[in-house]
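Okay, so here's the structure we're looking at.
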Amino acid sequence: MKKFTKILALALAVCLCMGLLAGCTGGKDPVEPTAPASNGGDDAAALKTVETGKLHMSTNAAFPPYEMTTDDGGFEGIDVEVATAIAKKLGLELVVDDMGFDAALTAVQTGKSDIAMAGITVTDERKEVMDFSDSYATGIQVVIVKEGSPIETVDDLANAQMIGCQKATTGYIYCSDTPENGGYGEDHVTAYETGALAVMALVNGQIDAVVIDNEPAKSYVAANEGLKILDTEFAVEDYAIAVGKGNTQLLDAVNKAMAELKADGTFQDIVDKYIKAE
């Protein structure tokens, strides 16, 4: 009996231990925890931005139809709406920081903004100090003159006494370069803080022509009687979004978001809203 009792006690102990183990696992194999579904917030948490939860965009809001101010002090335009859509896809809130064009470029270089959008042309010089997204638009540089001006083609610019351009733009860079490099020399070019100021100088007879991007040129000519755009193009360029040099994580996220906006038609809808088919 004693031997039977010991065996029975041992069996009960083993069963008790197995029961406790079964209680810890629910009687089933362990289950790995399920990762939460991505909703855009995960991407936002992974991205390093100037301000947590926000995407700062530096721009010069005097470049219609890409970026403009509204009557209530807000911002609108192709770049503004595209950046808003990109920020939404990244789970971030867009913040528009309006400043001079050259300051907008500097802001992204120095980490004061996350991206810069202002009809920015990709050039080799700029690629040395910042990175660029895939191109999202083609920019055409044109020449604005007064009706009846002796400047009738781009070649005639060589005879202009003074050409106006917006400060730090490729138009200014091209025009102010030396004649040996295809420019007209700094002595024949005046840089203005905005394209609107350059156009006003043309209206007032202070300069002979303005070299600027085609879309804003259309707006300025429509708003100022007696001006026209030459038929010949000055230059053809690519617009892209600028990010800080080496910030590949943000660059990849922006490119992915832009590709999705193009694929689902959102990007084209935004463009069509501001640029009507001719």
Side-chain angles (χ1 to χ4, degrees), residues 57-64 66-67 78-79 98-110 112-113 115-145 151 153-202 206-220 229-230 232-245:
M57 164 188 160
S58 56
T59 191
N60 176 231
F63 193 72
Y66 289 93
E67 36 269 317
I78 294 172
D79 286 351
D98 185 23
M99 58 192 75
F101 181 79
D102 55 338
L105 298 181
T106 301
V108 80
Q109 294 174 49
T110 57
K112 293 181 179 178
S113 68
I115 64 173
M117 291 183 76
I120 300 172
T121 302
V122 180
T123 67
D124 291 338
E125 291 77 11
R126 288 173 179 170
K127 286 166 69 174
E128 291 179 0
V129 292
M130 63 188 89
D131 289 332
F132 287 95
S133 70
D134 298 331
S135 176
Y136 66 90
T138 299
I140 300 173
Q141 295 273 325
V142 296
V143 181
I144 305 175
V145 297
I151 299 173
T153 69
V154 170
D155 291 339
D156 293 335
L157 280 176
N159 301 321
Q161 292 297 312
M162 189 60 64
I163 301 167
C165 304
Q166 184 175 357
K167 183 180 179 182
T169 62
T170 49
Y172 174 77
I173 294 170
Y174 299 150
C175 290
S176 62
D177 206 345
T178 62
E180 292 77 15
N181 291 329
Y184 309 104
E186 292 183 355
D187 293 344
H188 292 282
V189 182
T190 300
Y192 295 88
E193 193 63 32
T194 67
L197 290 175
V199 171
M200 187 56 61
L202 175 63
Q206 297 168 294
I207 56 177
D208 304 304
V210 172
V211 174
I212 196 169
D213 296 67
N214 187 45
E215 291 304 326
K218 292 178 183 177
S219 298
Y220 294 138
I229 299 172
L230 297 185
T232 50
E233 300 170 347
F234 184 81
V236 179
E237 309 166 322
D238 289 323
Y239 290 162
I241 302 170
V243 301
K245 192 70 176 174

Which heavy atom of Ser113 sits nearest to which heavy atom of Ser58, and what is that distance? OG-OG, 3.0 Å
Tell me every residue that passes side chain to side chain contact (heavy atoms under 4.5 Å, CB included) with Val145, counting only those two or more places apart in sequence or in another chain. Val143, Ser149, Ile151, Ala209, Lys228, Leu230
Here the gap from Tyr192 atom OH to Gln206 atom CD, rounded to the nearest 0.5 Å, amounts to 5.5 Å
Can you tell me how far the OG1 atom of Thr170 sits from the CD atom of Glu237, to the nearest 0.5 Å? 3.5 Å
Is atom NZ of Lys112 surrounded by more than 12 heavy atoms (other residues, nucleotides or ligands) closer than 6.0 Å? no
CG of Leu197 to OG1 of Thr190: how many Å apart, nearest 0.5 Å? 12.0 Å
For Tyr174 and Cys165: C-alpha separation, side-chain torsions, deciding distance, then whether side-chain contact (heavy atoms from CB on, under 4.5 Å) applies. CA-CA 10 Å; Tyr174 299 150; Cys165 304; over 6 Å; no
Rounded distance (nearest 0.5 Å) linking atom CG of Asn159 with atom CG of Asp208: 10.0 Å
Listed once per pair and sorted, the salt bridge (Lys or Arg N to Asp or Glu O under 4.0 Å) pairs that draw on residues 162-175, sequence neighbours left out: Asp102-Lys167
Any donor-acceptor pair under 3.5 Å from His188 side chain to Gln161 backbone: yes
Looking at Asp213, Asn60, Thr194, which hits side-chain hydrogen bond (donor to acceptor under 3.5 Å, both in side chains) with Gln166? Asn60
List the atom of Ala168, the atom of Ile173, and the distance in Å for their closest heavy-atom pair. O-CD1, 4.1 Å
Of all heavy-atom pairs between Tyr220 and Ile212, which one has the smallest distance, and what is that distance? CE1-CD1, 3.6 Å
Nearest-0.5 Å distance, SG of residue Cys175 to CG of residue Leu157: 6.5 Å
Rounding to 0.5 Å, atoms OH (Tyr136) and CD1 (Ile120) come to a distance of 7.0 Å
Nearest heavy atoms of Met130 and Ala242, plus distance in Å: SD-CB, 3.6 Å
Can you list the residues that meet the ring-ring contact (aromatic ring centres under 6.0 Å, His included) rule with Tyr66, with sequence neighbours excluded? Phe63, Tyr239
Between Ser135 and Asp238, what is the shortest heavy-atom contact and its length? OG-CB, 3.5 Å
If you apply the rule side-chain hydrogen bond (donor to acceptor under 3.5 Å, both in side chains), what do you find for Gln141 with Asn214, and how did you get there? CA-CA 6 Å; Gln141 295 273 325; Asn214 187 45; over 6 Å; no
In this structure, which one of Val154, Val189, Ile163 forms a side-chain contact (heavy atoms from CB on, under 4.5 Å) with Val211? Ile163
Minimum heavy-atom distance between Ala118 and Asp79, given as atom pair plus value: N-OD2, 3.5 Å
